[in-house]
Structures are given as C-alpha cells and as structure tokens.
Amino acid sequence: MSGNLLELSDIHVSYGRAEVLHGISLAMRPGSIVTVIGANGAGKTTLLNAVMGIVPAKGTILYNSAPVPHSVEARVAEGLCLVPEKRELFSTMSVEDNIELGGFLRNASERAETREELYARFPRLAERRKQLAGTLSGGERQMLALARALMSRPRLLLLDEPSLGLAPKIVADILNIVSELRTTGVSILLVEQNARAALEIADEGYLVELGEVKRSGPAAELAVDPALMESYLGSH
Ligand code: ATP
C-alpha cells in the first residue's frame, strides 16, 4: 500500500496507430492538487481521458491502491469526476437543473446537503439559479461546470484547462476556488496550459512534452526552475 490516491505507471495511449502517450507515470497523495502542464498537443487531455476510462490505456492505473474499475460509470461511482475542457453544460437548461444533473448517482438527502454547500460556495450561481446556463459569462460557466461536478461528491476531480478562454482576473478567481476545494478533502488533477497560475496552487507538478513526462516535482520548485521558466512560464 503506497498511500497514494492515484498512481499511474507506464501509461501508453494510441489513437489508431499513432501512440500519443509514451509511458507516463504519476502519483497523487490524497487531498493534494497535482498539475499537469505542457504545450498544446502534449497529451494532457488524453491523460485525463485515460484516467477517466474514456480512452483505452495500456499500463497500470491504481486508485486507492487497487486497479481502477474498467468502465467510466464504475469510475464515476468510485468518486472520479472529469470537468472537460469544453465544460459541456446544457445551455438551454437552468443553472439549478445543470447542477442537479451532477447528482444523479446520489440520493435525495445527499443532493440537498451538497446543493446547499455549493450555493454557499458559489453565491453567483445561487443568484442565477433560475437563469439559463447559456446566458452565463465564461467565468460563471466554468463555476457551473465545477459545481455540477462537485454535486457528484467526487474524491478525485479531473479538471481540463479550467482557465481556458477566461480573462486573467477570472482565471485567478477560478483557481482560488479550485485551491479552496482542497479543504473539503477532494483531490484535484489539474491540467493547465497556464503553467504559472497552476503551479501556484498545486502541491506537485508534471511537465508533459510530446506524451512524456519531462520534469516533475514539488510545484514550488518547478515554479522557479530556470529551464521551465524559459519555455513555459515566460522569463522575467
Ligand atoms: P490541448 O491543450 O490542445 O488539448 P493536450 O496536451 O491536451 O492539448 P491532447 O488533446 O491530449 O493534448 O492531444 C495529444 C495528441 O493526440 C495530439 O497530437 C492530438 O492531435 C492527438 N489527438 C487527440 N485526440 C485525438 C483523437 N481523437 N484522434 C487522433 N488523435 C488525437
């Protein structure tokens, strides 16, 4: 027993004959935020999809020190939850109906309790609960995607580029919310192109390039790594 919540060993993923992940290994302690950073096309989304079971992967995925179940549904039932890059909200449904959908595996009293917690955490969504999701701003849509995911009471949240397309001030708000979620006990695997902001809130970081881990370590160390600064953090 390693005590890790998630442990990936030698993960390979191919699309047809093209292999895009070439043996990725990664470990996550319970209650931590781990960020996967890297350029467009590095394979970050593919890695999240492999953990969720959306794409088939070779290698070992241990969750709670046991092999993760095979199907996506079983992984959701075990507490994994993915917020995809495109958010995939139902734009013609209200905020509250979108949130409700996230709780489909939970019973009525769990849903009621979680709903109240969520509206306290996201007062903007509480104010807009009757509004159609399609009328929200970009930042509010990302909050709604997070809230819907949290309605499933996940243990491991997989976030794909939550800052994508948002203004810098809103990025900071969203990442603050992500950082605070750690206090609720949920662990977060955060994929980001916005490396600097992600490393600020993460415990550990992995730099992925062309389907391989190029660097990994405590986020605070990666944030001041000269080579990383040059390529990903914008040198000063
Ligand atoms: P982005 O930030 O652009 O999403 P990423 O780091 O998340 O980039 P992936 O989306 O995982 O990277 O893509 C990794 C590689 O796999 C890329 O070369 C991409 O073109 C390729 N790829 C992704 N999805 C598919 C697919 N469904 N079929 C074929 N190739 C794919």
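Whatever order the structure lists ligands and atoms in, that order sets their numbers, starting from 1. The residues of the chain are indexed from 1 along the displayed sequence.
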Heavy-atom proximity to [atom], best of [options]:
{"atom": "atom 16 (O) of ligand 1", "options": "L164, V20, T45", "value": "V20"}
{"atom": "atom 13 (O) of ligand 1", "options": "V191, T46, V36, N49", "value": "T46"}
{"atom": "atom 5 (P) of ligand 1", "options": "E85, K44, Q193", "value": "K44"}

Is the shortest distance from a Lys or Arg side-chain nitrogen in [X] or [Y] to a carboxylate oxygen in the other one below 4.0 Å?
{"X": "D10", "Y": "K58", "result": "no"}
{"X": "E100", "Y": "R115", "result": "yes"}
{"X": "D160", "Y": "K44", "result": "no"}

Among protein heavy atoms, which lies nearest [atom], and at what distance?
{"atom": "atom 17 (C) of ligand 1", "result": "G41 O, 3.8 Å"}
{"atom": "atom 31 (C) of ligand 1", "result": "Y15 CD1, 3.2 Å"}
{"atom": "atom 12 (O) of ligand 1", "result": "G43 N, 3.1 Å"}

- Query: Is it the side chain (CB and beyond), the backbone, both or neither of A39 that lies under 4.0 Å from ligand 1, heavy atoms counted?
  - Reply: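 The answer is the backbone of A39.
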
If you scan the protein for heavy atoms around atom 3 (O) of ligand 1, do you find one that is closer than 4.0 Å?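 Yes, there is a protein heavy atom closer to it than 4.0 Å.
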
E161 heavy atoms within 4.0 Å reach ligand 1 at atoms 2 (O)

